[in-house]
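Throughout, protein chains are lettered first and strands after them, A, B, ... in sequence-line order, and every chain is numbered starting at 1.
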2 protein chains.
Amino acid sequence: MSDAGWRPVRRTRTFEEVLAQIEERIEADGLAPGDRLPGERRLAEQLQVSRASVREAMRVLETLGVVSSTVGRGPDAGAVLTARPGSALTDLLRLHLRLSSLSMRDIIDTRLMVERWSAEHAARHPDRHGAELAAMERALERMERPGLPPEEFVEDDTAFHLAIVQASGNRLLTAVMQALRDSVRRYAVEAIVRLGDTAILRRDHRRIFEAIKAGDTAEAGRAVADHLVHAYPELFGGSPSSSAPHGACPLDEEPGR
Amino acid sequence: MSDAGWRPVRRTRTFEEVLAQIEERIEADGLAPGDRLPGERRLAEQLQVSRASVREAMRVLETLGVVSSTVGRGPDAGAVLTARPGSALTDLLRLHLRLSSLSMRDIIDTRLMVERWSAEHAARHPDRHGAELAAMERALERMERPGLPPEEFVEDDTAFHLAIVQASGNRLLTAVMQALRDSVRRYAVEAIVRLGDTAILRRDHRRIFEAIKAGDTAEAGRAVADHLVHAYPELFGGSPSSSAPHGACPLDEEPGR
DNA sequence: CTGTGGGGTATGGTCTGACCATATTGTGGT
DNA sequence: ACCACAATATGGTCAGACCATACCCCACAG
């Protein structure tokens, strides 16, 4: 018999089976956010497993952002399908960051690409994005408040940039960017403090906003790019890719600019 | 006293405390992928909690892709820091898909943006990406095998496109795209079957590969865009954004082209 | 010397049954 | 009508046991 071509038998732990069946039920019964799952004891009985196994499955579902558990009695207690599937992504990205598998350069490059793309999209049909434009303007005004602490500035800055992505209508990108901003909030505050003055950033924001509102796609893209360079000058210093082994010269480019 | 402004005290479950302490230890001790965590019994004893609580924490860490548990004895058994933090992202995205909060259009738009950007990056310095180019060529050859079942074609196709993103050097994008491809594998197979013939796709792949190798950034970007249109014609049909309420006309664009 | 078989043991996986804290619901008394 | 209190259902936690697995090591046979 051949020695290769074998693979170890897939050991299926019971909590994984429980997990799968719960997911199936959610899908089959068409459960929506806010709906309740059966209690742990009941699930354990029906699946004929121990409550501990059910609990491990619930922990996974909770980590994945599918359910949220509350104690007590009543129609809203127990495991409830949650409506905020994004926070799981946040936890993931935050962990990746802590375990230093990602660099700041990667994150800013990604932001540049996504937000530029989104801004161009938004600028193509500014009339369709009244809500997002309003959100952007609100954030703009909040950022003008004198004596604003860095933490709050970052908050409004996040709202502004998220509105851009939201205007693209792409929910995948919106979810990822939301999680990304949440994950790096601390670093963003540090960057603002290091920068000292937010005047340039606020001017950039206005420029982006006006470009989108005016439907000037090219200008909107350029404005986003310039803005990120101003916000993270240390990443775009004259030295060509000082710490980046390959790739990442995200500005000297854009084919046909 | 004011009635508002209060929020319920944050009940900290013990497994969350365990989780936090484990994360701290990983960071403080500088543990790297491959290193072992103490056994569940030992952790429970040192933290003075029950083994069940430790297990729930481990389940979360496993879901987050931080550790991977194996039974048995020996230096490689137990909870080991995993080197593949991507699988957690895969689970998340797959779940989001099942709960239908994401549309195929969003995914393809994202692919288009990311892979175009990556291809342009790679084409800018083709000499630095020998490894990725080799991987792409290998995938190209595998896809030429006659009588290839759709599943295997998708496998090689994924390898090809992933190599493009890898060549960008951006680990965040690489992780996200890897997870995305894994999440939609089933749909990709269906798309291939629906298409019937892969000749056009294979020709597109060659075109992308040659453009990157030749350092033709503009052509590389165009080739990627054309390829995705060929692969998902139903999304880019002549009807202007038939099912997309706003945004997403990802081709009639590229500012200053 | 080799190697081969088997026992010892540490690991995660699972189960049972209990108790606690919390929050709603029902009920009885005022 | 209102309020106090018991009943109850929920998740959270614990202790202790047993199982299957996989490695380690040593005695024993070749």
Side-chain angles (χ1 to χ4, degrees), chain A residues 6-22 25-26 31 33-82, chain B residues 6-22 25-26 31 34-82 87:
Chain A
W6 293 92
R7 55 189 171 79
V9 201
R10 169 69 178 140
R11 288 171 14 121
T12 304
R13 300 174 285 187
T14 65
F15 87 85
E16 291 175 319
E17 172 73 14
V18 173
L19 199 52
Q21 288 211 34
I22 293 179
R25 291 307 290 243
I26 292 178
L31 297 188
D35 291 346
R36 276 185 59 184
L37 254 45
E40 293 177 357
R41 291 173 178 82
R42 186 176 167 78
L43 273 176
E45 186 188 358
Q46 297 213 338
L47 297 171
Q48 297 183 55
V49 298
S50 77
R51 215 184 129 202
S53 295
V54 173
R55 279 185 66 76
E56 295 195 15
M58 298 302 285
R59 207 80 313 129
V60 174
L61 287 176
E62 202 179 301
T63 306
L64 256 25
V66 179
V67 307
S68 164
S69 298
T70 56
V71 297
R73 195 185 146 151
D76 276 6
V80 178
L81 285 221
T82 177
Chain B
W6 294 92
R7 53 186 174 79
V9 282
R10 172 65 180 143
R11 276 202 349 239
T12 304
R13 294 133 62 191
T14 58
F15 88 85
E16 291 175 317
E17 173 73 14
V18 173
L19 198 52
Q21 288 211 34
I22 293 179
R25 291 305 290 249
I26 292 178
L31 296 188
D35 290 346
R36 277 186 57 184
L37 254 44
E40 293 177 357
R41 291 173 178 81
R42 186 177 167 81
L43 273 175
E45 186 188 0
Q46 297 214 336
L47 297 171
Q48 298 182 53
V49 297
S50 77
R51 213 185 131 202
S53 294
V54 173
R55 279 185 66 77
E56 293 193 16
M58 299 301 278
R59 207 82 309 133
V60 173
L61 286 176
E62 202 180 301
T63 305
L64 256 25
V66 178
V67 307
S68 163
S69 298
T70 55
V71 298
R73 197 188 146 148
D76 276 5
V80 179
L81 286 220
T82 177
S87 85

* Given DNA chain D, 5'-ward residue of the pair B/Arg51 and A/Glu40, judged by closest heavy atom -> A/Glu40
* Asked: What integer distance in Å separates A/Glu62:CD from D/dG12:C1'?
  -> 11 Å
* Structure fact -> Taken in chain and number order and not counting sequence neighbours, the residues that satisfy side-chain hydrogen bond (donor to acceptor under 3.5 Å, both in side chains) with B/Glu17 are B/Gln21
* Asked: Can you check salt bridge (charged side-chain N to carboxylate O under 4.0 Å, His left out) on A/Arg59 and A/Glu56, steps first, answer last?
  -> CA-CA 5 Å; A/Arg59 207 80 313 129; A/Glu56 295 195 15; over 6 Å; no
* Asked: Taking CZ from A/Arg13 and C1' from C/dT14, how many angstroms apart are they, rounded to a whole number?
  -> 12 Å
* Measure the shortest side-chain to side-chain distance between A/Thr82 and A/Val67 over non-hydrogen atoms and say whether it is less than 4.5 angstrom. => no
* To do: Tell me which residues in residues 42-49 of chain B put a heavy atom below 4.0 Å from DNA chain D, sorted by number, or none.
  => B/Val49
* Structure fact -> Against the side chain of B/Ser69, the closest entry in D/dC14, C/dG12, C/dT16 is C/dG12
Tabulate atom names and distances for all N/O pairs under 3.5 angstrom spanning the protein and nucleotides 20-25 of chain C.
residue	atom	partner	partner atom	Å
C/dT24	O4'	A/Arg73	O	3.1

* What is the distance, rounded to the nearest whole Å, between atom CE of B/Met58 and atom P of C/dG13? -> 8 Å
* To do: For A/Val80, enumerate each residue passing the side-chain contact (heavy atoms from CB on, under 4.5 Å) test, keeping only those at least two apart in sequence or located in another chain.
  => A/Arg36
* Nearest whole angstrom, please: distance from the C1' of D/dT10 to the CZ of A/Arg36. => 8 Å
* Asked: Is B/Ser53 near enough to D/dC14 that one of its side-chain N or O atoms lies under 4.0 angstrom from OP1 or OP2?
  -> yes
Atom pairs and distances, side-chain donor-acceptor, residues 41-50 of chain B, under 3.5 Å, sequence neighbours left out:
residue	atom	partner	partner atom	Å
B/Ser50	OG	B/Ala52	N	3.4
B/Ser50	OG	B/Ser53	N	3.3

* What residues form a side-chain contact (heavy atoms from CB on, under 4.5 Å) with A/Asp76, not counting sequence neighbours? -> none
* Report the residues that fulfil salt bridge (charged side-chain N to carboxylate O under 4.0 Å, His left out) with B/Arg25, sequence neighbours left out, ordered by chain and then residue number. => B/Asp29
* **B/Ile26 side chain near B/Asp35 side chain, heavy-atom distance below 4.5 Å** => no
* Distance, rounded to the nearest Å, where A/Leu37 contributes CG and D/dT10 contributes C1' -> 13 Å
* Check whether any side-chain N or O of B/Thr14 sits under 4.0 Å from OP1 or OP2 of D/dT13, and answer yes or no. => yes
* Between D/dA15 atom P and B/Arg55 atom CZ, what is the distance in whole Å? -> 16 Å
* Asked: Any side-chain heavy atom of B/Ser68 within less than 4.5 Å of one from B/Glu62?
  -> no
* Check whether the side chain of A/Arg59 and the base of D/dG12 form a donor-acceptor pair under 3.5 Å. => no
